[in-house]
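Worksheet: one structure, shown below.
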Amino acid sequence: MRVEDPDPAVVRAARNGDLAAFEHLVRTYQAPVWRFLRHLLGDAELAEDVTQETFVRVHRRLASYDGRSRFTTWLFQVARNAGIDALRSRSRRERLELAASPHVASPELRHELDAALAALDRDLREAILVVEVLGLSYVDGAALLGVPAGTLKSRVHRARERLVRWMQAGEATGG
């Protein structure tokens, strides 16, 4: 089933703040976006949440839609990005739950990870925590910390490198 583009006047009205026009867009495209995300994510419940997130993002960014591409192309790109963000967040959360699980990770490993985090400079520790523990995107994490997204990416990268070195040094010494 092909998804048709909306009337350009509806998109213009929504861009200009007409809530009824925006509601029309949501009602028209909610089901196709959910179907797309259900297949992308493989999880109907997560697809519902990400569909809502997609339309929140569309509402925030509608003014940036310039009409050079089809509206539906732009909409599904926003949905795809929201889906990828959700998959990354779920993956981070699962890794952290696995590491924090008392049945999987030993108390020694959890203590070692806590010590490694404590050894990081405050900027690096904050960066890794907002991305890996809170699960924020780089853009949202950067806004929270008041730094550019590129700075946050760099700090997270350096923090990961230092944590890996710390853990490898512990393995090499048998600790």
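Counting from 1, the numbers follow the sequence of the chain as shown.
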With a cut-off of 3.5 Å and sequence neighbours excluded, list every side-chain donor-acceptor pair involving residues 148-158.
from : atom 1 : to   : atom 2 : distance (Å)
S154 : OG     : R158 : NH1    : 3.2
H157 : NE2    : E161 : OE2    : 3.0

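Atoms CG and CG, from L87 and L41 in turn, are 5.0 Å apart once rounded to the nearest 0.5 Å. In this structure, CG on L40 lies 14.5 Å from CZ on R35, to the nearest 0.5 angstrom. To the nearest 0.5 Å, the span separating CG on D85 from CG on D140 amounts to 8.5 Å. We find the OG1-CD distance between T28 and E4 to be 12.0 Å, quoted to the nearest 0.5 Å. Residue L163 holds its CG atom at 5.0 Å from CG of L120, rounded to the nearest 0.5 Å. Atom CZ of residue F55 and atom OH of residue Y29 lie 9.5 Å apart, to the nearest 0.5 angstrom.
Among residues two or more places apart in sequence or in another chain, the side chain to side chain contact (heavy atoms under 4.5 Å, CB included) test is passed with Q77 by R80, N81. Not counting sequence neighbours, R60 has no partner by the side chain to side chain donor-acceptor pair (under 3.5 Å) test. Every residue two or more places apart in sequence or in another chain that forms a side chain to side chain contact (heavy atoms under 4.5 Å, CB included) with A13 is listed here: D18, A21. With sequence neighbours excluded, the residues forming a ring-ring contact (aromatic ring centres under 6.0 Å, His included) with Y65 are F71, W74, listed by chain and number. Under the rule for a side chain to side chain contact (heavy atoms under 4.5 Å, CB included), D49 has no partner lying at least two apart in sequence or in another chain.
With hydrogens and angles disregarded, no donor-acceptor distance shorter than 3.5 Å links the side chain of R38 to the backbone of D43. Here the side chain of T54 pairs a donor or acceptor atom with the backbone of V50 at under 3.5 angstrom.
Looking at D5 and T72, their side chains do bring a donor and an acceptor atom within 3.5 Å of each other.
At least one side-chain heavy atom of R57 sits less than 4.5 Å from a side-chain heavy atom of E53. Contact annotation: the side chain of P6 approaches that of L25 to within less than 4.5 Å [non-hydrogen atoms, C-beta and beyond]. Counting heavy atoms from C-beta on, the side chains of D123 and V147 never come closer than 4.5 Å.
A single hydrophobic cluster is not seen to contain both I84 and V78; linkage of ILVMFWY side chains at heavy-atom distances under 4.5 Å, directly or through other members, places them apart. No chain of hydrophobic side-chain contacts below 4.5 Å, direct or via other Ile, Leu, Val, Met, Phe, Trp or Tyr residues, connects W34 to V58. Under the 4.5 Å side-chain heavy-atom criterion for grouping Ile, Leu, Val, Met, Phe, Trp and Tyr, L144 is connected to Y138 within one hydrophobic cluster.
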Report task. Might you work through the side chain to side chain contact (heavy atoms under 4.5 Å, CB included) test for R70 and V3, ending with a clear yes or no? Result -> CA-CA 11 Å; R70 292 180 54 205; V3 178; 5.6 Å; no
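I128 and A159 make their closest contact through CB-CB, 3.9 Å (heavy atoms, listed as atom of the first residue, atom of the second, distance). A119 and W166 get closest at one heavy-atom pair: CB-CZ3, 3.5 Å.
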